[in-house]
Every structure is written in structure tokens, then in C-alpha cells.
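Every number for a ligand or one of its atoms is a count from 1 in the order of the listing. Being a predicted model, the structure only gives us computed values, none of them experimental.
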Amino acid sequence: MDVVVAGQGYVGLPLAVRAAEVGHRVVGYDVDQHRIKQLTAGESYVEDVTSSRLRAVNGCGAYRASADDAALAGFDIAVITVPTPLRGGVPDVSYIEACARTLGGHLRPGATVVLESTTYPGTTEELLLPVLEQASGLTGGVDFFAGFSPERIAPGSTRWSFEGTPKLVSGIDAASLEVIKSFYDGILHTTVPVSGTREAELAKLIENTFRLVNISLVNELATVAAALGVNVWEAIDAAATKPFGFMRFTPGPGAGGHCLPVDPAFLSWKVQQELGAPLRFVELANDVNRQMPAHVVQRLVDGLKGRGRPVAGARVLLLGLTYKINATDLRESPAARVAALLTGLGAQVRGAEPNLPHGTTALGVPLVDATEQELAASDAVVLLMDHDRFDLTAVEKHARYVLDCRNRLRGPNVEVL
Ligand code: SAJ
């Protein structure tokens, strides 16, 4: 079929390339001209799609990238994989709206539009459908098919590939569900039909809210463990030996990224809209999560004071600035808040981030190598992300004082979060 994937990011590009590989004629549509240039040159900027895979589908004409909406003409199925950020705590669905309007201009009878972007329950039927109908003059469920199928990309995972991860599929009606299910059945191993688009929208939010709530639970436990005189890390490991009814999460400087601090807020916002009060679990989880960077800084200030060093003027080295271990993404990284708070207290902050280009600055701090000299010259070192590329033994050996937010280090100079 003629397939359009609108939005060629970490969700859209793997989907587009896979669809091309199984025989569809695919247009990877994106408004970012720089991305289109890279894609056309066969350069992938998404870790889960190698440039050689991209060049293979580019070369045979199965895939082409375009920012020109004329390239959308005649699509049989269009998949929307655009961002849904928060703007001041409020869901921003303007990218979905803009994309729907563009697609609506090319929507023909018998075609299908699928939304994949993570969003609040009701978006497909209350926002996407009316915009498509208004832009096309057609009627959903009569002239064209529509539905929702949330993404489940595990960025960088070697265990879970795009085609190996079960995919929820839903439609505005049975006929839409059938068309959408057969599309995904053609490109991945397992589809899971859901009776309505709202159930599929909510399922995705449950997946991420589950993670945020449980990560915030262990984070709050970490903030009270010292007062309880308990090693929370060991207690969590002990609990994790329970072979049923438990899933292990570990404390850290705060859950970052463009999913966990964002998606649950979509759910809470919708509940607030409908009921006038937010979803309390999400509000509490967000509060705890937002507090974690300040808690890390407080522990550091106390640790320096205990060593006779005021934080003002102290040289602090942050290890790991990205939002997740081994990730290259800085979005919503807790390190940003840690660096800002420490700088505000007069500390001289440097960052070591092996997953980012050398010699630049990130999150407002100069990037350095975590050399022995750098470690030894720091009044305090904070292990925020235990990237595989760090030499943790060197940190244990050469750092005078380390606040370890990942329970990876041992030694008299180490304090665990
Ligand atoms: N984190 C902890 N403790 C934990 C687990 C995670 O502090 O025990 C932190 C991480 O450091 C990170 C944040 O939480 O800052 C989020 O981590 P994550 O593992 O949830 O990864 P994300 O946000 O990149 O993406 C998640 C992934 N879901 C997983 O089940 C791993 C990803 O596969 C999903 O596609 C994505 O949510 C999404 O879009 O739903």
C-alpha cells in the first residue's frame, strides 16, 4: 500500500523503514528539513535504525523522506507519530492537530489514518476525527477508517525489537479496527485488538504511569531511608527475590525523558478536565519526582559540610547527564536541575558525559573527561547515570567524596543516595 508515516523520530522512522522492508511504498513525512536531508542521504539519527537499513529501502525506492505535503497525495494509510509534549503542565496536542489538518487535505475515500502519539483518552475521537473530517469534507467510519495504536519502542533495547513487541490496535469502529489490525499484522509479529480507541489510549498511559508511580515510590523511600537507618537498595533487592507479584524499580536522581515525566500528566489533565480534580497518584508521583534533584543536592551539601567544605566555591563533577543509563538524550534529564541548583549555590559544576560530543557544554555545564586528575581535583563527585562507558573503579579510587545515586560504588569515600 501507499503508506505515509508523519513524524520521523524514534517512533516514526523504525515504523516507516519496517513498512518499506515488507513491501509497502512509504513516505517518511517530517516538517524538519534537516532531518529530511539526512534521511535522503541515508543517514539515520535513530539508534534503532541503522543507516545501512535506511539506505537499503532508500535505494530500492520503497522509502522516501519528504517535507513536502504534496508527497502525501494518494496515501492508503497514514500513521501519525508526532510529539505530544507538555506546555506548562498542560498537554500540547497542536502537532497532532497540525498533522491531521495536513493529512486531511489528502484524505481520500477508503483511506485510513492511525494515531500513535501518546495522548489522553478521547484524543482520537474528540480531536483527530473532527479535524480530518473538517479538512477533507469526508465522514469518519463512512468514507475513511481511523484508529489509535500506541507506540512501544524500547529505545536501544537489544531484547525488544519493533517487530517483536506486541502492538495494541484499535479503531473508531469494527471496520477500522480490521483494516488497522491487518496493516500491523503485516509488519510485526503480534497485534492485540482493543475494543475502542479510548481503551488503547488509556492502556498506553497505564503502562507509563505504572512506571512513574513505582519509580517515585522507591525514590520517596530513598529520601527517608537514612532517617529510618535502613539500606533501601538492599531492601529492594531483597523484595525483588519474590518470584511473583513484584517488579523491581531502583531509586535515582529522578525519572526523566520525554515519556515518564510527561505521559501520566496527560491522564491527570484529562481527569481534571472531566471531574475538576486531578488523578492523585499522578500528582503525588510527579511531586516526588520533581523533588528528587533537590534531594540529591541537599545530600551533597550535607556531605560537603560534613567534610568541612561549603558548597559555595566547591568543585563538583557530575557523572552522567543524560536522562537514562547509556542514553544520549538530555530531554527532561534530572541532571539539568541538579546542575542548576548547584550552580545557584555557588558550586563550580562540570559534567562528564561519554555519550555526548567532547569539549562542549551541556545543561549549562562544561563537559570534561572523568580522568583521574578530574576526579581527584573535585571536592565532590555525583554519580547520576552509571553509563557502561564509565570506569567506576577509577571513580572509587580517585574521588575524595562521591554521592552515588545508583548504588554502584563501594569505599570509605562513597555515600549512597
Ligand atoms: N528510572 C529509574 N528507576 C527505574 C527505572 C527507570 O529511576 O527503576 C528512570 C530512568 O533513569 C529514566 C526514567 O526513569 O530517567 C525513564 O526510564 P524508562 O526505563 O522508563 O525509559 P524511557 O522513559 O526511555 O522509555 C520508557 C520505556 N518503557 C520501558 O518499559 C523501558 C520505553 O520502552 C517506552 O517506549 C517509553 O517509556 C514510552 O514511550 O512509553
Side-chain angles (χ1 to χ4, degrees), residues 7 9-15 46-48 81-86 115-119 149-162 164-168 200-223 232-233 235-237 239-240 246-267 285-286 288-293 295-296 319-338 353 355 363 383-388 404-408 416-417:
Y10 82 96
V11 176
L13 188 60
L15 171 61
V46 169
E47 64 184 309
D48 295 342
T81 56
V82 296
T84 44
L86 280 181
L115 177 61
E116 286 213 358
S117 306
T118 304
T119 183
S149 173
E151 56 91 355
R152 272 183 181 165
I153 303 286
S157 166
T158 48
R159 167 105 173 69
W160 295 103
S161 63
F162 170 79
T165 304
K167 191 94 161 50
L168 302 183
E201 289 160 337
L202 181 57
K204 171 67 184 177
L205 295 178
I206 290 173
E207 289 168 24
N208 279 1
T209 302
F210 162 75
R211 290 182 69 73
L212 179 71
V213 165
N214 282 286
I215 291 164
S216 292
L217 169 62
V218 293
N219 275 339
E220 188 173 29
L221 290 174
T223 64
V232 68
W233 296 85
I236 290 168
D237 285 343
F246 186 78
M247 184 172 185
R248 184 173 179 275
F249 291 91
T250 52
H258 48 294
C259 305
L260 266 60
V262 174
D263 300 346
F266 272 69
L267 178 54
N286 280 334
V288 169
N289 201 42
R290 266 194 294 270
Q291 270 311 307
M292 282 317 284
H295 173 72
V296 168
L319 298 181
L321 301 183
T322 57
Y323 82 93
K324 173 162 97 163
I325 299 165
N326 299 332
T328 56
D329 200 337
L330 288 166
R331 277 181 291 186
E332 307 284 326
S333 173
R337 191 102 181 81
V338 170
E353 178 42 71
N355 295 302
L363 306 180
L383 179 62
L384 291 171
M385 290 292 145
D386 49 327
H387 295 318
D388 293 344
D404 173 7
C405 299
R406 291 288 180 189
N407 190 35
R408 291 294 305 277
V416 178
L417 183 70

query = Under a 4.5 Å cut-off applied to non-hydrogen side-chain atoms, are Pro334 and Leu384 in contact?
reply = no
ask   = Looking at CG of Leu267 and CG of Leu212, how far apart are the two atoms once the value is rounded to the nearest 0.5 Å?
value = 11.0 Å
ask   = Would you say the side-chain atoms of Asn214 pair up with the backbone N or O of Phe210, donor to acceptor, closer than 3.5 Å?
value = yes
message = Check contact between Met292 and ligand 1, using heavy atoms of the residue and a distance below 4.0 angstrom.
response = no
query = Going by heavy atoms, is Lys204 under 4.0 Å from ligand 1?
reply = yes
ask   = So which of Met247, Lys324, Arg211 gets nearest to atom 22 (P) of ligand 1, if we judge by its closest heavy atom?
value = Lys324
request  = Name all residues meeting the side-chain hydrogen bond (donor to acceptor under 3.5 Å, both in side chains) criterion together with Ser149; count only those two or more places apart in sequence or in a different chain, and write none if there are none.
outcome  = Lys167
inquiry  = Quick check on Gly257 - does any of its heavy atoms sit under 4.0 Å from an atom of ligand 1?
reply    = no
task = Measure from the side-chain N and O atoms of Glu353 to the backbone N and O of Thr322, and report whether any donor-acceptor pair falls under 3.5 Å.
result = yes
From His387 atom NE2 to Ile325 atom CD1, the distance as rounded to the nearest 0.5 Å = 8.0 Å
ask   = Under the 4.0 Å line, does any protein heavy atom show up next to atom 4 (C) of ligand 1?
value = yes
key: Ser216 side chain vs Val213 backbone, donor-acceptor pair below 3.5 Å   = no
remark   = ligand 1 atoms nearer than 4.0 angstrom to some heavy atom of Glu151 are 35 (O), 38 (C), 39 (O)
ask   = Backbone, side chain, both or neither: what part of Ile215 comes under 4.0 angstrom of ligand 1, heavy atoms only?
value = side chain
note = Check: of Leu260, Ile325, Asp263, min heavy-atom distance to atom 23 (O) of ligand 1 comes from Leu260
Test item: His258 and Asp329 side chains (from C-beta on) under 4.5 Å apart, heavy atoms = yes
query = Of Leu86, Thr118, Thr209, which meets side chain to side chain contact (heavy atoms under 4.5 Å, CB included) against Phe266?
reply = Leu86
query = By number and element, which atoms of ligand 1 are closer than 4.0 Å to a non-hydrogen atom of Gly256?
reply = 12 (C), 13 (C), 15 (O), 16 (C)
Pick from Thr322, Leu212, Asn208: the one approaching atom 37 (O) of ligand 1 most closely through a non-hydrogen atom = Asn208
task = Of the side chain and backbone of Ala154, name the one, both, or neither that has a heavy atom under 4.0 Å from an atom of ligand 1.
result = both
remark   = Looking only at protein heavy atoms, what sits closest to atom 25 (O) of ligand 1 is Cys259 SG, 4.2 Å
Shortest protein heavy-atom distance from atom 35 (O) of ligand 1, along with the residue and atom involved = Ile153 O, 2.2 Å
inquiry  = In this structure, does ligand 1 have an atom that sits under 4.0 Å from one of the heavy atoms of Tyr10?
reply    = yes
task = Among all protein heavy atoms, pick the one closest to atom 10 (C) of ligand 1 and tell me residue, atom and distance.
result = Tyr323 O, 4.0 Å
task = With rounding to the nearest 0.5 Å, note down the distance linking NE2 in His295 to SG in Cys405.
result = 8.5 Å
ask   = Any nitrogen or oxygen of Arg406, main chain or side chain, under 3.5 Å from a nitrogen or oxygen of ligand 1?
value = yes
request  = Please determine, by modelled atom types, if Tyr10 and Glu47 share a side-chain donor-acceptor pair under 3.5 angstrom.
outcome  = no
query = When you measure from atom 9 (C) of ligand 1 to every protein heavy atom, which one gives the shortest distance, and what is it?
reply = Ala255 CA, 4.0 Å
key: atom 8 (O) of ligand 1: nearest protein contact (heavy atom, Å)   = Thr250 N, 2.8 Å
ask   = If you round to the nearest 0.5 Å, how far is CZ of Arg337 from CE of Met292?
value = 13.0 Å
query = Does ligand 1 have an atom that lies less than 4.0 angstrom from a heavy atom of His258?
reply = no
